[in-house]
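Everything quoted here is computed from the prediction, not taken from an experiment. By convention in this document, chain letters (A, B, ...) are assigned in the order of the sequence lines, proteins followed by strands, and residues within each chain are numbered from 1.
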Amino acid sequence: MLTFVLRRLGILLLTLGLVTVIGFLLIHITPGDPAVAAAGPDADQATIAATRVELGLDRPLVVQFWEYTTGLVRLDFGTSFDGGRPVLDAITDRLPATLSLVIASLLVALLISIPLGVGTAVHRGSIWDRIGVLLASLGVALPDFFVGLVLVLVLALQLGIFDATGYVPLFDDPIQWAYLLVLPALTLGTTVAAELTRHIRASVSDVLELDYVRTARSKGLGSTRVILKHASRNAAMPVVTVFGNQIARLLGGTVIVEQIFSIPGIGQLLVQSVFTRDIPMVLGIGIFIAMIVLLVNVLIDLSYGWLNPRVRA
Amino acid sequence: MNVTASRERGRGLRQTLTRGGGVDRFRRQPLAVAALVFVVVITTVCILAPLLTPYPFDRGVLADTLQGPSARHPLGTDDVGRDVLSRLLYGGRTTLLAAVQATGFSVILGVPAGLIAAFAGGWVDACLSRVADAIMTFPALLLAVVIIGITGPGLTNAMIAIGVVYGPRLFRVARAAGLAVLNETYIAAAKTVGCSPLRILMRHILPNALSPLLVQVSLTMATAVLAEGSLSFLGLGVQPPQSSWGAVLGRSVPQMSQHPVPVIAAGVLISLLVLSFNLLGDGIRDSIGRERKS
């Protein structure tokens with residue numbers, strides 16, 4: 001087990017290193033001088049040159065890369081071009097909002113996809129199955145921004161049930177926090193739910209055809225008990241594997257959803273930084289998200305090894 | 001390359017597509033056929049946009065801003081008085097072209113690398129696979145936004161970003177398809193008679209990889225349309241006055257409560273196109289697999 005964990009962690013560090021190298025090289029290979037971006041739109045040549053020296057952009061690439069990565073090890077993500085604020089501070093400020101959104105969306109996704117996926121698998125071939133599958137295909141194709149805007153249009157602007165936009169921190173007002181998160185979480189949750197439903201349906205219907213399930217049924221166990229006690233464990237394994245992709249997808253989706261509902265999260269910060277060409281911030285957010293995604297993936301790999309001892313070898 | 005060689009390869013590819021009555025099987029799937037028809041119709045209509053609409057996409061009549069649907073403007077006008085239907089027709093060209101660019105880029109990036117990884121094996125395979133894994137763990141849209149943040153906004157940058165993000169998927173498919181046939185006797189035979197690695201790749205491995213690649217290309221088109229929509233919606237893709245479906249949608253959001261028609265029209269078009277490419281991919285997978293699906 002220990003070697004399994006260590007190997008996973010090794011791969012994590014390697015991947016993280018690769019992401020950093022790719023991101024860092026992109027800045028310096030692509031057209032557009034970071035110093036020009038940092039100095040601002042009205043800067044003259046002298047200011048740009050001064051900024052370049054000030055930020056250390058005149059030094060060899062290898063030196064810059066070394067400083068950046070050793071900084072990362074000390075959890076120093078560099079400083080923003082915009083006001084010189086540490087990148088990590090800005091990110092942790094925005095983290096609670098994004099985390100609220102991601103967790104709420106995940107909840108919505110599971111609440112929709114588990115009943116729908118299991119239900120369609122159990123009643124395979126029925127009219128409900130067909131409708132469920134059609135809904136799932138539709139859900140996969142619907143863009144996040146369109147779902148969000150339609151929800152705002154119908155539930156907020158026409159019916160007035162919800163507020164269209166806004167965010168309140170959890171500890172300021174828990175009720176308002178939950179109330180304002182309903183629409184964003186529905187938006188982000190439905191597209192992920194669609195994808196999960198397809199996987200759960202496929203996985204459950206595979207397991208239901210196995211011999212031991214038939215044995216359980218022929219012993220006279222009710223179908224609810226068979227599904228809950230016998231099928232769910234084994235059916236969960238393939239679904240857990242795609243869970244990592246879905247977490248990544250949720251994090252990606254926050255960029256759009258935070259923009260629509262004006263939630264002050266990391267996604268919104270990223271889009272703002274792209275417009276102000278705040279390159280350290282953009283790169284910092286990229287690496288931070290990569291860290292989270294990789295960590296989630298390692299946890300999933302570990303849980304997979306824990307669920308099924310054969311994987312550990 | 002001489003004419004005979006290219007004609008030979010053409011026949012190889014065509015045989016792969018039609019082997020075992022794949023076209024017939026495709027024809028028997030109503031959803032896939034409907035999807036194909038939709039893609040063809042939308043493409044044709046968008047190409048013919050200048051003939052179909054009397055309005056330009058980039059100039060409006062300021063007296064006619066934010067009108068609702070009417071006989072003159074079936075989908076109304078936008079905030080600077082441009083006809084929304086015309087913007088959508090011209091915008092469809094940008095959206096489709098962008099999706100083709102992104103998909104093409106990921107094919108160029110992914111397929112040769114995948115075939116080389118399968119063929120070379122060893123550390124070359126290990127290195128390429130690690131890079132692909134690294135890119136794939138990352139949320140696609142976020143990576144695209146980060147790449148645009150570094151290179152600056154614009155549709156070409158956006159599509160290169162999308163191409164980079166989806167390259168690993170094609171890499172994986174090409175690699176898997178390559179590995180699947182690598183140990184077949186006819187590959188060993190080709191080596192024995194002295195075929196060059198390039199010839200083996202082009203003549204023997206690529207045709208076998210073609211059907212899974214075609215499926216992946218169709219699915220990548222779907223995600224590229226989605227990504228173009230998202231990026232242009234954020235204002236990071238197409239720059240004004242250029243039009244695209246995502247741009248039309250993003251621009252209409254501030255006036256959405258009074259004028260919902262453009263938002264809904266653009267959103268429905270994007271969703272239908274994405275759905276069509278997905279269904280098309282599924283349809284191809286079910287019809288040109290090596291063995292018939294049960």
[X] portion near chain B, given a 4.5 angstrom heavy-atom threshold:
| X | value |
| --- | --- |
| L251(A) | both |
| V255(A) | both |
| L250(A) | neither |
| L142(A) | both |
| L14(A) | side chain |

Open item on the list: Using only non-hydrogen atoms and a strict under-4.5 angstrom cutoff, which residues of residues 226-239 of chain B touch chain A?
Closed with: L226(B), G229(B), S230(B), F233(B), L234(B), G235(B), L236(B)
Task: Residues of residues 245-255 of chain B near chain A, each having a heavy atom less than 4.5 Å away - done: L249(B), V253(B)
Which one of [options] has the most heavy-atom pairs closer than 4.5 Å to chain B?
| options | result |
| --- | --- |
| L16(A), L283(A), I289(A) | I289(A) |
| I256(A), I247(A), I285(A) | I256(A) |
| V271(A), L270(A), V150(A) | L270(A) |

Measure the spacing between [atom1] of [X] and [atom2] of [Y] and express it to the nearest 0.5 Å.
| X | Y | atom1 | atom2 | result |
| --- | --- | --- | --- | --- |
| L279(B) | S137(A) | CG | OG | 6.5 Å |
| T254(A) | L142(B) | OG1 | CG | 6.0 Å |
| L149(A) | M256(B) | CG | CE | 5.0 Å |

Open item on the list: Run the side-chain contact (heavy atoms from CB on, under 4.5 Å) test against T190(A) and tell me which residues pass, sequence neighbours left out.
Closed with: I112(A), V147(A)
Task: Closest contact, heavy atoms only, S271(B) versus P143(A) - done: OG-CD, 3.2 Å
Open item on the list: Taking atom CZ as the centre, does R85(A) end up with more than 12 heavy-atom neighbours from other residues, nucleotides or ligands that are less than 6.0 angstrom away?
Closed with: yes
Atom pairs and distances, donor-acceptor, side-chain atoms in residues 257-269 of chain B, under 3.5 Å, two or more places apart:
unit_1, atom_1, unit_2, atom_2, d
H259(B), NE2, L66(B), O, 3.1

